[in-house]
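Here's the structure we're looking at; comments come further down.
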Amino acid sequence: MSLLTLDNVTIRFGGLTAVDTVNLEVKQGEILALIGPNGAGKSTVFNLITSIYQPTEGKISLDGKALTGIPTHKIADMGITRTFQTIRLFPELSVLDNVKIGAHCRGKAGLFHAFTRLPSMKREEAEMEENAIKALEFLDLAAKREDMAKNLSYGEQRRLEIARALVSKPKILLLDEPAAGMNPQEKVVLMEMIRRIRDTGITIFLVEHDMKLVMGISERIAVLDYGKLIAKGTPLEVRSNKAVIEAYLGSGEFKSRIRR
Amino acid sequence: GCGASKPAETAPSGGESKEPIKIGFLGAKTGDVAIYGLNTLKGLNMAIEELNKEGVLGRKVQLVEEDNAGQKDQAINITNKLISQDKVVAIVGDPTTGITRVAGQIANSKNTVIMSAGSTGTNVVEIGPYVFRDTLLDTIAAPATMKYVIQDKGWKNVALITSKNNDYSVSLSKIFSDAIKSNGGNIVIEEFIQDKDTDFSGQITKIKAANPDVIVFSGYYTEGALIMKKAREVGIKAVMVGGDGLQGDDLMKIGGAAVEGSISYAGFSPEQPTPNTEKFINAFKAKYNNELPDLFAAQGYDALMIIAKAIKDSGSADPVKFKDTLAQTKNYDGVSGSITFQESREPIKSPVYLLEVKDGKFALLKKVPVEVK
Amino acid sequence: MLKLENISVSYGSIKALHNISLEVKSGEIVALIGANGAGKSTTLRTISGLEKPANKDSKITFKDVQIQGALPHKIVEMGLSHVPEGRRVFPDMSVYENLLMGAHIRKGKPDQGDFDRVYHHFPRLKERIKQLAGTLSGGEQQMLAMGRALMARPDLLLLDEPSMGLAPMLVEEIFHIIEDINVAGTTILLVEQNAHLALEISNRAYVLETGEIVLEGLARDLAENEDIRKAYLGE
Amino acid sequence: MKKLLDNWLIQFLLFLCVLGLTAFITDAIGNVLPPYLLMIGLFIGINLIMALGLNLITGVTGQLSLGHAAFMSIGAYASAIATVNYHVPFLGGVLIGGLVACLFGIVIGFPTLRLTGDYLAIATLGFAEIVRVQFTNMKITNGAIGFLGIQGSTTFPIVMTIAVITLVLMVWLENSRNGRAMLAIREDEIASSAVGINTTLYKIQAFAIGAFCAGVGGALFAHTTTFIQPTDFGFMKSVDILSIVVLGGLGSIPGTIIGAIVLTAAPEILRPLANYRMMVYGVLLVIIMIFRPYGLLGGVNLRQAVRRAFMLTKKKQAGREE
Amino acid sequence: MPILNNLMQQLVNGLALGGIYALIALGYTMVYGIIGMINFAYGEIFMFGAYAGLVLALTNYVNVYTALLGATLITMILGVVIERVAYKPIRRSSRLSALISAIGVSIFLSSFMVRVKGPNTRGFPTLFENRIFEIGNFQITIYQIVIIGVAGLMMLGLHLFVTYTKMGRAMRACAQDKDAASLMGVNIDRVISVTFAIGSGLAGTAGVLAGIYFNAVQPYMGLLAGLKAFAAAVLGGIGSIPGAMIGGIVIGLTEILGITVNLSEYKDAFAFAILILVLLFKPSGIMGRKANKKV
Ligand SMILES: Nc1ncnc2c1ncn2[C@@H]1O[C@H](COP(=O)(O)OP(=O)(O)OP(=O)(O)O)[C@@H](O)[C@H]1O
Ligand SMILES: Nc1ncnc2c1ncn2[C@@H]1O[C@H](COP(=O)(O)OP(=O)(O)OP(=O)(O)O)[C@@H](O)[C@H]1O
Ligand SMILES: [Mg+2]
Ligand SMILES: [Mg+2]
């Protein structure tokens with residue numbers, strides 16, 4: 001059952017075709033990883049899905065509904081949220097506010113409510129706060145809820161981004177290099193978290209360069225090179241794909257050339 | 001009650017008190033319109049110096065000067081401060097109509113005399129019995145000027161230029177335009193500028209094409225000079241005619257040869273002075289580095305002197321009392337001409353001086369006496 | 001070559017470093033590893049003059065000259081290059097201009113040899129010579145940042161997480177390049193999350209935890225250390 | 001559920017009490033304070049109302065506006081025309097002033113809010129200049145000559161009451177879903193839209209509310225001076241209001257209050273300096289920015305402090321109830 | 001065809017006026033582009049330049065070149081001092097703080113000039129004789145030619161300097177990332193000083209030329225000039241040097257066009273309306289690069 005479908009999606013920047021006729025389906029409830037060399041077009045795929053870029057050609061749809069031309073902010077309403085490769089938090093706001101803002105599209109209160117503070121609005125606020133704290137607890141950030149986001153360390157900021165994306169209860173969560181800047185220990189924890197998120201019914205679409213993580217949790221992997229899909233399959237299949245090894249994986253066994 | 005908290009009443013009226021009589025100055029010392037305020041102030045300081053040689057009712061006169069930077073909210077604050085904190089008996093200023101209207105409301109409600117030494121617009125003295133001005137009214141001078149220009153000079157085709165963001169200019173242009181029509185002239189082109197503009201090439205190009213006999217400009221001298229420079233540059237031969245806004249040595253300093261022949265009216269002229277005026281001019285030059293007094297300085301000087309005279313004549317420094325004496329002033333021989341307050345307290349100044357720029361100076365063209373009804 | 005004694009640094013009320021001391025000898029590769037927020041980047045930023053030590057008795061010696069408190073450009077002129085965290089390429093300049101900026105401290109125009117050296121390590125940069133750096137992919141930007149630093153022909157190179165966000169093959173490549181650069185005579189202080197590879201190529205290493213150095217020693221020894229294996233190698 | 005309703009009622013009553021108290025106290029102050037100080041107080045109030053509006057636009061939502069005086073002038077003229085030409089009562093005129101300005105905020109907002117940063121700043125500046133030129137050339141405003149005969153109905157208690165209402169509503173807004181969305185836009189627009197915030201909508205909301213405040217301030221100003229001219233609302237007026245917001249601390253409501261007090265009073269306090277007054281004023285701006293680069297109260301997390309203070313009063317109130 | 005003649009003449013008028021705006025906008029856009037701050041005191045530096053030129057010109061010993069040079073030098077120093085005193089301490093805080101600081105400086109400078117030189121408008125002594133050329137049926141003056149010529153030359157010089165010299169590159173690097181630039185060995189303080197010196201020097205030159213051309217120097221002349229320069233710079237695309245030139249000329253032409261179609265009273269509105277209109281279709285100005293931030 002396909003949740004998100006990319007149908008012949010292409011985008012060109014000037015002369016450069018960053019994503020080239022990509023066909024891809026993300027299935028309900030799975031963890032799908034998108035890997036590929038730097039500059040292959042992975043982040044661009046995410047930007048296309050979230051309408052930050054519009055495809056030059058092709059179509060993207062969620063649950064059969066076309067996403068093309070829909071403004072970015074409505075994409076979140078429809079159930080797709082994401083994290084960014086370069087962290088984009090609300091740096092001068094508290095951790096809790098960051099997450100509350102993440103739940104924006106699940107709220108209803110408008111100006112009228114803001115100015116009257118009717119009970120219904122307070123109820124929504126309380127509920128939102130509760131959900132936000134739950135999300136923070138889930139990502140082990142509850143203790144930092146009053147800190148300013150910019151004062152968190154890199155790894156914490158990455159987790160906060162996930163919490164913010166999660167709190168809107170998306171159908172599908174796009175993670176762009178969530179493990180970047182984390183040490184192996186932290187990556188293990190992150191892996192566990194991603195699994196648990198999926199277990200709550202959220203589909204995961206993941207871009208990541210850490211093969212331990214990718215191979216460890218993904219059910220399927222798609223490989224992008226120069227904007228083209230060069231392979232699709234289970235981790236096992238992909239790992240042994242010649243083209244993938246050549247373009248991306250390398251030997252996997254680093255040996256110092258000069259010492260030991 | 002009315003005037004219950006008036007300071008002047010707490011001090012017994014008459015000569016016994018040694019407290020100085022305080023006069024407030026309201027005007028801009030900084031900001032766009034600072035020039036008018038600062039020149040008024042020069043005249044005021046002259047007056048104070050002179051008054052303090054003998055004193056008024058045996059008391060010194062003291063000037064409290066405040067800068068409103070040309071802003072209404074500051075003007076309100078200052079007026080309140082001058083009245084309630086400094087306890088002045090009269091305020092001289094502001095040279096502009098707009099602020100005078102605002103300050104006039106307050107001064108009038110607090111029973112303090114206010115005399116503007118420059119405002120020419122409508123709805124000023126109508127505010128109430130404490131509001132005065134000693135300016136030559138455009139409604140009298142402008143028609144007289146147009147009559148001279150159109151009938152005596154025969155310049156029938158007029159280019160009328162208005163500074164659209166200057167209330168003085170907009171009001172004056174209306175008067176000019178009516179007077180032009182009633183004297184049989186016709187406006188061949190009407191153009192607009194803004195105060196502080198420096199480039200008039202666009203307007204002048206159009207005026208040249210309209211080929212007028214005369215350029216009537218209702219704004220201030222800076223823009224006037226620049227307009228004429230441009231006009232001469234493109235070969236327009238017509239001279240400029242305008243109101244007392246053109247009065248100011250800077251007209252010639254900036255305009256040079258281009259403003260030769262320009263005609264304007266004024267309630268004050270250093271030319272062919274009366275003895276009184278001559279004395280003032282000499283003292284002014286001595287005090288201010290050989291500078292010639294301008295209209296604002298002369299009117300500022302006169303404003304304070306008229307007020308002082310009213311205080312002396314009524315024997316009281318209480319504005320409630322001396323305002324009536326002030327309103328009675330008739331044919332006061334001021335340095336800026338003779339001043340009479342009508343029943344409405346609107347001033348009539350006589351004569352109207354028609355001046356022409358000659359060899360870089362304002363030369364008297366004609367004195368037009370004004371009938372006091 | 002480089003010596004840090006008693007360095008403490010705070011950001012407002014947050015203390016990022018407490019009395020750090022470490023040393024890098026000429027010709028070495030020294031690794032600095034530690035968890036997120038341990039203060040690794042802060043250490044590098046302090047060395048290159050971007051942050052000022054908070055305490056008076058702190059001392060940073062580079063080539064026998066005390067440099068604590070000096071302005072970054074002075075330190076750079078002495079032969080130190082710093083590839084900062086997050087690449088920090090000049091986004092509105094072309095790749096070529098970025099490289100030229102790298103050679104800023106050198107008198108006159110950099111010669112073709114410098115460019116060739118960079119292109120040799122990073123052929124991808126040669127392909128993108130005219131592209132604006134801001135539109136490069138993450139990995140391409142990392143290559144540019146390192147290439148840019150090499151243009152200054154530094155004696156000491158500070159690298160802040162050079163493998164972050166790179167494809168596995170590239171990670172290996174980058175580490176080989178680091179070795180090559182070192183072999184060619186540049187001393188290197190390397191901050192890495194990828195402790196595995198970092199320890200593999202370094203002579204010595206320091207472990208930083210919440211602003212303090214908790215362990216130091218030969219890289220080989222640390223790689224064998226049980227605690228380290230658990231905490232930083234994810235085993 | 002019932003408890004919540006009670007709570008709301010209590011809060012509402014408390015709000016009314018505060019308003020009543022403000023009116024009462026300010027009225028009492030008005031009777032003892034000399035007119036000079038009173039008028040300064042009044043202008044502080046007017047500036048505060050306008051600055052709170054700009055703070056929402058620039059401080060909270062992060063959209064630099066250099067045209068606040070335009071909304072002020074729209075409010076001033078609209079209310080003047082309403083009260084003088086159509087005999088609308090004073091407070092009605094103030095409301096009309098706010099609403100018309102708000103309308104313009106929205107109309108202008110739609111096309112210009114696509115712009116960001118300094119491009120928006122210059123567009124708002126340009127808009128303000130266009131408005132001013134328009135007022136200079138309109139019949140109904142009497143052009144440069146100015147609009148005469150406005151009743152001097154503005155009083156200290158009225159200004160202060162409106163200021164308190166504005167203040168409370170602003171605090172509420174900032175702590176609501178809408179307020180957070182605006183803050184998010186200031187912090188990062190792309191991330192905001194990625195979490196589902198319609199950035200255009202909230203920017204326009206901020207502009208509309210900010211313009212409304214400016215319009216109300218303008219209306220109060222017009223009914224204080226009784227006479228208005230287009231030159232009263234020039235670029236420097238916009239700068240004055242912006243200075244209040246930045247000097248107080250961008251996005252900080254208490255900062256805006258302090259800013260309004262300091263910058264409105266400063267020209268008066270500096271009067272003894274006579275001819276050096278404006279020079280010192282300029283230097284003062286520089287010095288404050290150097291020593292408090294984030295504004296007088298910038299960087300101090302007063303939002304939480306205020307929240308806490310609110311909780312305290314609530315608790316106290318609850319305590320009294322028991 | 002008198003109408004056509006008229007139109008040609010107005011075109012020349014518009015170009016000359018635009019030349020002045022461009023002249024002021026060049027230095028503005030440069031400082032703006034490098035430091036990334038709206039330097040509101042720029043207009044006042046321009047005013048200072050005009051006064052410096054005036055004072056020098058009145059000494060009689062001075063010809064037009066020395067007056068220009070002297071004024072340029074004085075404003076260069078002024079610019080550097082302002083930067084050191086009022087902007088450098090807050091370089092790392094928000095851009096709006098710097099904006100307010102700049103406003104403080106500009107209030108100070110204009111009220112200082114009122115104190116020292118009085119509030120009245122001053123004419124400029126004739127430093128060189130104006131001459132009028134008749135080309136066909138329209139006229140162009142030496143002053144106009146000089147203005148347009150100098151603006152064009154300055155634009156070219158500045159553009160070449162910023163694009164191709166080491167210093168220029170260092171300036172652009174500072175504009176994009178100061179920390180990274182300092183890690184390249186760029187002396188940030190020096191680069192910023194040089195930027196201010198050049199930018200302010202240009203303002204000074206523009207001040208003298210505008211003084212000669214308009215023959216009017218006044219303590220508050222900087223405000224409007226600064227605003228127009230700001231508008232021109234943004235219209236052309238912030239930081240783009242050719243953009244400032246184009247922006248200035250477009251605004252000059254628009255104003256004159258407003259006058260030509262009998263809407264003189266709306267000419268300022270026209271200028272800003274065109275600005276807003278252009279921005280709506282090209283949100284980063286005529287020559288501005290689209291802020292192509294990769295996400
Ligand atoms: N806005 C843009 N303008 C021009 N080129 C762009 C733009 N965005 C991306 N590109 C180019 O498209 C290609 C794909 O970039 P993308 O960021 O998707 O790579 P990626 O696969 O995410 O790489 P990495 O793993 O390094 O993050 C790159 O070559 C990049 O330079
Ligand atoms: N500009 C700053 N303002 C306030 N705190 C900061 C700032 N930069 C860093 N910190 C704090 O200082 C501490 C050390 O940060 P640093 O960036 O040096 O860590 P790191 O070891 O490089 O971590 P990472 O692996 O995540 O890059 C962290 O707690 C961080 O939150
Ligand atoms: Mg990417
Ligand atoms: Mg780091």
Side-chain angles (χ1 to χ4, degrees), chain B residues 5 28-34 38 41 64-87 96-106 109-110 121-124 126-127 162-174 192 194-195 219, chain D residues 33-44 46-47 76 129 132-133 135-138 142-152 154 217 220-222 224-234 236-237 240 264-279 281-282:
Chain B
S5 60
K29 298 207 282 183
T30 54
D32 282 357
V33 290
L38 286 169
L41 201 52
V64 186
E65 42 180 275
E66 292 295 359
D67 168 28
N68 63 29
Q71 290 177 358
K72 294 204 175 73
D73 44 358
Q74 290 205 31
I76 290 178
N77 286 338
I78 290 169
T79 312
N80 278 312
K81 171 182 179 284
L82 290 174
I83 295 170
S84 72
Q85 196 160 309
D86 300 316
K87 314 212 181 290
T96 65
T97 303
I99 287 184
T100 303
R101 284 186 189 131
V102 173
Q105 294 270 0
I106 299 171
S109 71
K110 301 268 163 60
T122 55
N123 295 70
V124 173
E126 288 85 340
I127 291 169
T162 309
S163 179
K164 199 69 202 242
N165 62 347
N166 175 337
D167 52 352
Y168 162 78
S169 177
V170 175
S171 311
L172 182 54
S173 274
K174 266 187 207 144
F192 300 98
Q194 313 263 327
D195 275 15
Chain D
L33 226 54
Y36 175 45
L37 298 180
L38 197 67
M39 284 314 270
I40 297 177
L42 186 140
F43 283 119
I44 289 176
I46 292 179
N47 282 342
E129 287 298 304
R132 200 157 55 91
V133 171
F135 280 141
T136 308
N137 289 300
M138 272 164 86
N142 207 16
I145 295 174
F147 196 102
L148 277 158
I150 309 165
Q151 284 296 312
T154 307
L220 293 171
F221 178 85
T224 308
T225 58
T226 69
F227 169 60
I228 48 174
Q229 288 167 296
T231 43
D232 295 338
F233 310 101
M236 282 319 276
K237 196 84 197 176
D240 285 346
T264 313
E268 298 301 321
I269 293 169
L270 296 178
R271 287 215 176 277
L273 295 170
N275 292 331
Y276 298 94
R277 188 175 70 114
M278 287 317 279
M279 280 159 77
Y281 179 81

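Just so we're on the same page: letters track the sequence lines, and every chain starts at 1.
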Quiz item: Quick one: OG1 on T79(B) to OH on Y36(D), what's the gap to the nearest 0.5 Å?
Solution: 11.0 Å

Self-check item: Largest heavy-atom contact set with chain B, pairs under 4.5 Å, which of T225(D), N275(D), T231(D)
Solution: T225(D)

Quiz item: More than 12 non-hydrogen atoms from neighbouring residues, nucleotides or ligands closer than 6.0 Å to CD on Q151(D), yes or no?
Solution: no

Quiz item: Between D73(B), V102(B), T30(B), which has the largest tally of heavy atom pairs under 4.5 Å with chain D?
Solution: D73(B)

Exercise. Side chain from CB out, backbone as N, CA, C, O: work out which of these in K81(B) comes under 4.5 Å of a heavy atom of chain D, or both, or neither.
Key: both

Quiz item: Of all heavy-atom pairs between R271(D) and Q74(B), which one has the smallest distance, and what is that distance?
Solution: NH2-OE1, 3.3 Å

Quiz prompt | Closest approach of A144(D) to V170(B) (non-hydrogen atoms, all atoms of both residues) | solution = CB-CG2, 3.9 Å

Self-check item: Residue part contacting chain B, namely of L148(D), when any heavy atom lies under 4.5 Å
Solution: side chain

Self-check item: Qualifying residues under side chain to side chain donor-acceptor pair (under 3.5 Å), relative to T96(B), sequence neighbours excluded
Solution: D94(B)

Self-check item: Top contributor to chain B interface from D232(D), L42(D), I40(D) [non-hydrogen pairs under 4.5 Å]
Solution: D232(D)

Quiz item: What option among T122(B), N80(B), D195(B), I99(B) has the most heavy-atom pairs under 4.5 Å with chain D?
Solution: N80(B)

Quiz prompt | Choice from R132(D), R277(D), E268(D) maximising heavy atom contacts with chain B below 4.5 Å | solution = R277(D)

Quiz prompt | Residue F221(D) versus chain B: region with a heavy atom under 4.5 Å | solution = side chain

Exercise. Could you tell me which portion of T224(D) (side chain, backbone, both or neither) has an atom closer than 4.5 angstrom to a non-hydrogen atom of chain B?
Key: both

Practice problem: Quick one: list whatever passes side chain to side chain donor-acceptor pair (under 3.5 Å) with T136(D), sequence neighbours left out. | Solution: none

Self-check item: F227(D) versus chain B, the contacting section by heavy-atom distance below 4.5 Å
Solution: both

Practice problem: Can you tell which part of T226(D) gets under 4.5 Å to a heavy atom of chain B, answering side chain, backbone, both or neither? | Solution: side chain

Quiz item: Where on P35(D) is there a heavy atom nearer than 4.5 Å to chain B: the side chain, the backbone, both, or neither?
Solution: both

Quiz prompt | chain B contact via M278(D) - side chain, backbone, both or neither, heavy atoms under 4.5 Å | solution = side chain

Practice problem: Measure distances from N77(B) to the heavy atoms of chain D and classify the residue's part below 4.5 Å as side chain, backbone, both or neither. | Solution: both

Practice problem: Would you please say whether a donor-acceptor pair under 3.5 Å links the side chains of Q229(D) and K72(B)? | Solution: yes

